[in-house]
Amino acid sequence: MNLKDFAVPNCPPSVYYVPDFITKEEECSIMQAIDKTPKPRWTQLSNRRLINYGGVPHPKGMIAEDIPAWLTRYIERVNQLNVYEDGIKANHVLINEYLPGQGIMPHLDGPLFYPTITTISCGSHAVLEYYDQTEDSESPSNGPLVRHHVANIVLEPRSLLIVKDDMYHKYLHAIAELEQDVIDDKAANLSMLNSVSVGDVLQRTKRISLTIRHVPKTSKMKLKIF
């Protein structure tokens, strides 16, 4: 796969969008595996819940944990794309569950991770919104930061999103807390979508995202999760 063929136009560098990265059967298998996950493995937040596989990232270092076999096949598939430079391999997966009406506030993923993020979407679509952040020119020095919308990326089920360079370091990303999305011409990857057009109203259902990434700082201690 030549990633250049999947570069999203009209965006700061660099975003790549790969539709149908996994099959419907693989998507169903992922959703079933997630449904079977014991409740104690989940971390419940105010607006969604999540699971860390591979360990819990921490500034002092992530204590490495084994990743379930059903999940390692997708890590290996992402590693085969060589999206991480210098032979670096992914060693962590963050699984987020989003129900209709749930989202995430604008944020950066930060320095705990190698600055390349890959995300597989399962179940529902999502609309990822990107913003830059600048100081208000009409305010005194060190005035409040003002967010400016940069682009939307529509994430279809079974797609893969790859984000690196400025789009990782500089631009905040978010998912609005909505139960449906109206597609407009702000979608930078509109021409790359399978069956989505301007004006479509997409109802959200449960979405599972697999964010596969590399945590550089890990502890030599290893824990096995059974």
Side-chain angles (χ1 to χ4, degrees), residues 1-35 47-48 50 70-71 73-78 80-81 83 93-104 106 116-131 149-165 167-168 171-213:
M1 180 185 295
N2 186 345
L3 278 185
K4 291 182 180 179
D5 295 336
F6 298 93
V8 177
N10 305 314
C11 273
S14 301
V15 185
Y16 304 91
Y17 179 80
V18 184
D20 294 320
F21 182 71
I22 61 173
T23 65
K24 290 184 178 181
E25 291 75 19
E26 289 172 325
E27 177 187 38
C28 183
S29 177
I30 290 170
M31 299 289 281
Q32 288 176 348
I34 297 299
D35 286 342
N47 58 346
R48 69 189 191 286
L50 57 84
W70 68 265
L71 193 50
R73 63 182 294 187
Y74 303 105
I75 296 175
E76 291 168 1
R77 193 178 301 180
V78 167
Q80 289 172 0
L81 300 177
V83 295
V93 183
L94 176 66
I95 293 179
N96 277 297
E97 178 192 72
Y98 294 94
L99 301 178
Q102 294 182 339
I104 188 168
T116 296
I117 296 296
T118 65
T119 301
I120 299 172
S121 295
C122 300
S124 181
H125 76 282
V127 176
L128 199 58
E129 303 173 347
Y130 278 92
Y131 299 89
H149 181 268
V150 173
N152 287 348
I153 308 291
V154 179
L155 306 180
E156 296 171 295
R158 300 177 296 280
S159 66
L160 174 72
L161 180 76
I162 302 169
V163 177
K164 57 197 309 181
D165 304 325
M167 282 300 259
Y168 180 91
Y171 297 96
L172 299 95
H173 57 283
I175 298 174
E177 295 183 336
L178 302 171
E179 295 191 1
Q180 64 181 27
D181 295 285
V182 180
I183 305 303
D184 57 25
D185 57 8
K186 293 179 182 177
N189 64 329
L190 191 62
S191 64
M192 309 171 77
L193 303 175
N194 282 326
S195 57
V196 178
S197 303
V198 171
D200 287 353
V201 179
L202 305 182
Q203 299 292 329
R204 294 190 193 177
T205 58
K206 182 171 76 172
R207 174 175 177 259
I208 296 292
S209 67
L210 280 59
T211 299
I212 300 171
R213 52 196 176 182

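Keep in mind that what you see is a predicted model, and the values were worked out from it rather than measured.
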Handout entry: Pair Leu160-Leu81, side chain to side chain contact (heavy atoms under 4.5 Å, CB included): steps then yes or no
Key = CA-CA 11 Å; Leu160 174 72; Leu81 300 177; 3.6 Å; yes
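- When only modelled atom types and interatomic distance are considered, Glu156 and Tyr17 share a side-chain donor-acceptor pair under 3.5 Å.
- Ring planes of Tyr130 and His173: tilted class, angle from 30 to 60°.
- How far CG of Leu128 is from CD1 of Ile175: 5.5 Å, rounded to the nearest 0.5 Å.
- No donor-acceptor distance shorter than 3.5 angstrom exists from the side chain of Arg213 to the backbone of Leu94, with no hydrogens or angles considered.
- The minimum heavy-atom distance linking Phe6 with Met1 is given by the pair CE1-CG, 3.5 Å.
- Looking only at distances, no side-chain donor or acceptor of Asn10 sits under 3.5 Å from a matching main-chain atom of Ala188.
- Proximity of Tyr98 to Ser209: side-chain heavy atoms (C-beta onward) are separated by under 4.5 Å at one or more points.
- One distance of note links CD1 of Ile34 with CH2 of Trp70; it measures 3.5 Å at 0.5 Å rounding.
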Handout entry: Candidate pair Leu155 and Arg207, rule side chain to side chain contact (heavy atoms under 4.5 Å, CB included), full reasoning
Key = CA-CA 11 Å; Leu155 306 180; Arg207 174 175 177 259; 3.5 Å; yes
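- Using modelled atom types, no side-chain atom of Asp200 and backbone atom of Leu202 make a donor-acceptor pair closer than 3.5 Å.
- Residues Val93 and Tyr74 are not in side-chain contact: their nearest non-hydrogen atoms beyond the backbone lie 4.5 Å or more apart.
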Exercise for the section: Go through the steps to decide whether Gln180 and Gln203 satisfy the test side chain to side chain contact (heavy atoms under 4.5 Å, CB included), and finish with yes or no. Expected result: CA-CA 4 Å; Gln180 64 181 27; Gln203 299 292 329; 2.5 Å; yes
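- The shortest side-chain heavy-atom distance between Phe21 and Thr118 does not fall under the 4.5 Å cut-off.
- How far OG of Ser124 is from CG of Asp181: 8.0 Å, rounded to the nearest 0.5 Å.
- Inter-residue side-chain proximity for Pro9 and Met192 is flagged as met; some heavy-atom pair is nearer than 4.5 Å.
- Residues Val154 and Asn152 have side chains not in contact (no heavy-atom distance under 4.5 Å, counting atoms from C-beta outward).
- Inter-residue side-chain proximity for Leu210 and Leu71 is flagged as met; some heavy-atom pair is nearer than 4.5 Å.
- Minimum interatomic distance between Arg158 and Glu27 (heavy atoms only, all atoms of both residues): NH1-OE1, 2.8 Å.
- Of all heavy-atom pairs spanning Arg48 and Ile104, the tightest one is NH2-CD1, 3.4 Å.
- The two residues Ile22 and Cys122 come nearest to each other via the heavy atoms CD1-SG, 4.0 Å.
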Handout entry: From CA spacing to verdict: side chain to side chain contact (heavy atoms under 4.5 Å, CB included), Ile162, Thr116
Key = CA-CA 7 Å; Ile162 302 169; Thr116 296; 4.2 Å; yes
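- Heavy-atom minimum distance, Glu129 versus Ala176: OE2-CB, 3.8 Å.
- Distance check, rounded to the nearest 0.5 Å: CD1 of Ile95 to CD1 of Ile212 gives 9.0 Å.
- Heavy atoms only, all atoms of each residue included: Val198 and Asp185 are closest at CG2-N, 4.2 Å.
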